[in-house]
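The basis for the numbers below is simple: all heavy atoms, side chains too, and nothing from hydrogens, waters or symmetry mates. Just so it is clear, the structure is predicted and the values come from calculations on it, not from any experiment.
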Amino acid sequence: AGGGEDEEQKPKPKRRRAAPRKRPKLTLEDLQKPSGLQLVFQNIPKWFQEGYRGKGHEVRNLRRLLELYQRWQPKVFPHGTYNQFEAALEKMSGTHALKDTLAKMRQDLINIVDPPSAHQDQDQQQQDQQ
């Protein structure tokens with residue numbers, strides 16, 4: 001009966017804990033890659049329009065839009081779930097850096113649709129006529 005006491009007194013070897021894995025984070029650089037926000041600006045409107053149904057189909061249209069974002073997520077944030085991506089993106093949406101990036105992208109888009117040189121040409125023509 002005394003054999004059990006010897007086993008209890010032996011020190012157990014300590015297990016080494018594995019260092020916690022660092023989870024990659026969503027960064028502004030991830031969103032600035034061609035597969036990031038640029039892809040959203042250039043392609044999602046076209047892809048959404050292909051399946052757009054119009055008035056009376058709002059639920060289907062919203063489902064389609066969410067599906068497109070869910071397909072985009074692995075290209076930008078492949079190491080997480082859509083919910084993790086959504087939370088990280090929402091958290092990042094308040095940063096000045098992201099707001100500045102989006103403002104620049106919007107201005108670039110406006111300049112493509114309505115170039116500033118066209119306004120300068122019109123102003124010059126109006127001045128020449130006066």
For Pro45 and Gln42, the nearest pair of non-hydrogen atoms, with its separation, is CD-C, 4.4 Å
Closest approach of Lys75 and Ser35, non-hydrogen atoms and distance? O-OG, 3.5 Å
N/O donor-acceptor pair under 3.5 Å between Glu58 side chain and Gly56 backbone: yes
Look only at the side chain of Gln84 and the backbone of Thr81, and say whether a donor-acceptor pair between them is shorter than 3.5 Å. yes
Taking Arg71 first and then Glu67, would you say they form a salt bridge - that is, a charged N and a carboxylate O separated by under 4.0 Å? yes
Check against side chain to side chain contact (heavy atoms under 4.5 Å, CB included), Leu31 and Leu89: CA-CA 9 Å; Leu31 295 174; Leu89 192 57; 3.7 Å; yes
Give the intermediate values and the outcome of side chain to side chain contact (heavy atoms under 4.5 Å, CB included) for residues Leu37 and Gln32. CA-CA 6 Å; Leu37 291 171; Gln32 290 175 331; over 6 Å; no
Given side chains that start at C-beta, do those of Val76 and Lys33 come closer than 4.5 Å, heavy atoms only? no
Closest heavy-atom contact between Phe48 and Arg64? CD1-CG, 3.9 Å
Glu50, CD atom: more than 12 neighbouring heavy atoms under 6.0 Å: yes
When rounded to the nearest 0.5 angstrom, what is the spacing between CD in Gln38 and OG1 in Thr101? 12.0 Å
Rounded to the nearest 0.5 Å, what separation is found between the CG atom of Asp100 and the OG1 atom of Thr95? 8.5 Å
Leu65 vs Ile44, test: side chain to side chain contact (heavy atoms under 4.5 Å, CB included). Steps then yes/no. CA-CA 8 Å; Leu65 185 59; Ile44 295 238; 4.2 Å; yes
How many angstroms lie between atom CD of Gln49 and atom CG of Asn61, to the nearest 0.5 angstrom? 9.5 Å
Between Trp72 and Phe85, does the ring centre distance come in under 6.0 Å? yes
Side-chain heavy atoms nearer than 4.5 Å, only ILVMFWY residues, links allowed to pass through others: does that put Leu62 and Val40 together? yes
Side chain to side chain, Glu86 and Asn83, heavy atoms closer than 4.5 Å: yes
Taking Gly36's backbone N and O only, do any of them form a donor-acceptor pair with Asp30's side chain (distance below 3.5 Å, no angle check)? no
Check whether Leu102 and Ile110 end up in the same hydrophobic cluster, where Ile, Leu, Val, Met, Phe, Trp and Tyr are linked by side-chain heavy atoms less than 4.5 Å apart. no
Hey, what do you get for CE (Met92) to CG (Leu26), rounding to the nearest 0.5 Å? 4.0 Å
Salt bridge Asp108-Lys104, side-chain N to carboxylate O under 4.0 Å: yes
Rounded to the nearest 0.5 Å, what separates atom CD in Gln70 from atom CG in Leu66? 6.0 Å
